[in-house]
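Okay, so here's the structure we're looking at.
All values derive from a computational prediction rather than experimental measurement. Throughout, a chain's letter reflects where its sequence line sits, starting with A, and its residues are numbered from 1.
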Protein chains: 2
Amino acid sequence: MPFEQLKLENQLCHRLYMASNSITRAYREPLAKINLTYPQYIVMMALWEQDQITIAKLIEKTAIDGGALTQILKKMTEKKLLSVVKDKQDQRKRLIQLSTSGQALKLNAADIPKQIHCKFESIDSEKALQLLASLDLVIKDLNEPTQ
Amino acid sequence: MPFEQLKLENQLCHRLYMASNSITRAYREPLAKINLTYPQYIVMMALWEQDQITIAKLIEKTAIDGGALTQILKKMTEKKLLSVVKDKQDQRKRLIQLSTSGQALKLNAADIPKQIHCKFESIDSEKALQLLASLDLVIKDLNEPTQ
DNA sequence: GTATTTTAATTTGCACGCAAAGTATTTGCA
DNA sequence: TGCAAATACTTTGCGTGCAAATTAAAATAC
């Protein structure tokens, strides 16, 4: 029965699509309160961990597309969250610097994970860890250079 | 340590974001061969299962946003994959009808799941089922009306 | 020491995803 | 019957995600 696989219900891809969209939607409202979109929030989390990094490094950490990232950083610069400056050592590279308000925003963002977590009634930490591990496998398999 | 949760590495949301993007990217090339985008493929799968359904029903099955779906169906109509006609019984509703070529495309799409599956070296069927179940919980929790 | 290649980032064009506003129909109800 | 509310879609505006083309600077080759 070669067509069974085309059933939407059985498709990992479709379930991931729905789950990812659901998560982004769930974050939308809390993030709107601190005037961030979801990818912008990802960028902020990366920079709160480590500031003064190049765009290439930021792409590596966030997995956001380079082309998109240029636009996202432009918007975030307009919001005075950060600035993008040329690396003196290598003029091709750009260094990203959080502004004071960009750093300060971390305080306001501190309870966002909690707001989301409280929605998860069916998922305890162990299940979450298991899910993380499974997703890592998916990501790894799909990004292997072999194929 | 209230800020630990802001670490990107520990974020289920970010891992889902990456996994979902990886999957969509993986499908891009195979789907391009049959001239479909990923959401269009989801629509086709839904219609291959059941034709002659309303847009509301299609939204329910695919979880694609209604506004986006209107545009997607317009593009698919231009490609002669389907047509959207008014429901005689209720003129507000629209019925979607696969064209002959839309139905025939199922044959060409039959081996796409296999092309993707062969990329999964770390994920056997049991793991996939477990992952599906976990994602269902995520989706369910996030879409509960009780926040 | 200049030409070629590589690396880093930007730009462009297209297709969504989503909220909010708008447009028809139909239903419910006084 | 007539009119407000509900339903089913469509439109609009913004922010990505992505491939492909472009620009600029550094590394390498010759």
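Following rounding to the nearest Å, A:Glu78 (CD) and D:dT16 (P) show an atom-to-atom distance of 11 Å. Computed from coordinates, the A:Gln71 CD to C:dT12 C1' distance equals 9 Å when rounded to whole Å. A:Leu95 has its CG atom 13 Å from the P atom of C:dA8, to the nearest Å. Between the C1' atom of C:dC16 and the CZ atom of A:Arg28 lies a distance of 12 Å, rounded to the nearest Å. Across the protein-nucleic acid pair, B:Asn21 atom CG and D:dA19 atom P stand 10 Å apart, rounded to whole Å. For the pair B:Ile72 CD1 and C:dC14 P, the computed distance is 17 Å after rounding to whole Å. Between A:Gln91 atom CD and D:dA24 atom C1' the separation is 10 Å, expressed in whole Å. In this structure, the CZ atom of B:Arg94 is 10 Å from the P atom of D:dT11, given to the nearest Å.
Within a 6.0 Å radius of NZ in B:Lys80, no more than 12 heavy atoms belonging to other residues, nucleotides or ligands are found.
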Exercise for review: Show the numbers, then the answer: is there a side-chain contact (heavy atoms from CB on, under 4.5 Å) between A:Leu135 and B:Leu131?
Suggested key: CA-CA 8 Å; A:Leu135 292 175; B:Leu131 183 47; 4.2 Å; yes
Point to revise | side-chain contact (heavy atoms from CB on, under 4.5 Å) between A:Ile72 and A:Thr37, worked out | key: CA-CA 9 Å; A:Ile72 291 169; A:Thr37 66; 5.8 Å; no
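Note on A:Ile23 and A:Leu129: same hydrophobic cluster, where clusters join Ile, Leu, Val, Met, Phe, Trp and Tyr whose side-chain heavy atoms are under 4.5 Å apart, directly or indirectly.
Of the two residues contacting DNA chain D, namely A:Lys75 and B:Arg25, the nearest-nucleotide position lying further toward the 5' end is that of A:Lys75. Each of B:Ala68 and A:Leu73 was assigned the nucleotide of DNA chain C with the nearest heavy atom; the assignment lying further toward the 5' end belongs to A:Leu73.
For A:Gln50 and A:Lys57, the side-chain atoms include no donor-acceptor pair closer than 3.5 Å.
Between A:His14 and A:Tyr17, the ring planes lie parallel to each other; the angle is under 30°, not in the 30° to 60° tilted range. The aromatic rings of B:Tyr27 and B:Tyr38 sit tilted relative to each other, their planes meeting at an angle between 30° and 60°.
The side chain of B:Lys74 contributes no N or O atom lying less than 4.0 Å from OP1 or OP2 of D:dT10. The phosphate of C:dT25 (OP1 or OP2) has a side-chain N or O of B:Lys86 nearer than 4.0 angstrom.
Heavy-atom distances under 4.0 Å link DNA chain C to A:Thr54, A:Ile55, A:Ala56 of residues 50-61 of chain A, given in residue order. Of the residues in residues 32-40 of chain A, those lying under 4.0 Å from DNA chain D by heavy-atom distance are A:Thr37, A:Pro39, A:Gln40.
Distance from the side chain of B:Arg92 is smallest for D:dT7 among the nucleotides C:dA15, C:dA19, D:dT7. Checking D:dC9, C:dG17, C:dT25 against the side-chain heavy atoms of B:Lys93 singles out D:dC9 as nearest. Comparing C:dT11, D:dG17, C:dG17 against the side chain of A:Tyr17 picks out C:dG17 as the nearest.
Residue contacts for B:Leu69: at a heavy-atom cut-off of 4.0 Å it reaches no nucleic acid atom on any strand shown. Contact annotation for B:Asp65: base contact, defined as any heavy-atom pair under 4.0 Å involving a base atom.
C:dA30 is paired with D:dT1 under the criterion used here, namely a Watson-Crick or G-U wobble arrangement in which both key atom distances are under 3.5 Å.
Residues B:Asp141 and A:Lys119 share a closest heavy-atom pair of CB-O, 3.3 Å. The two residues A:Met76 and A:Gln40 make their nearest non-hydrogen contact at CE-O, 3.6 Å. Residues B:Asn108 and B:Asp111 approach most closely at O-OD1, 3.4 Å, considering heavy atoms.
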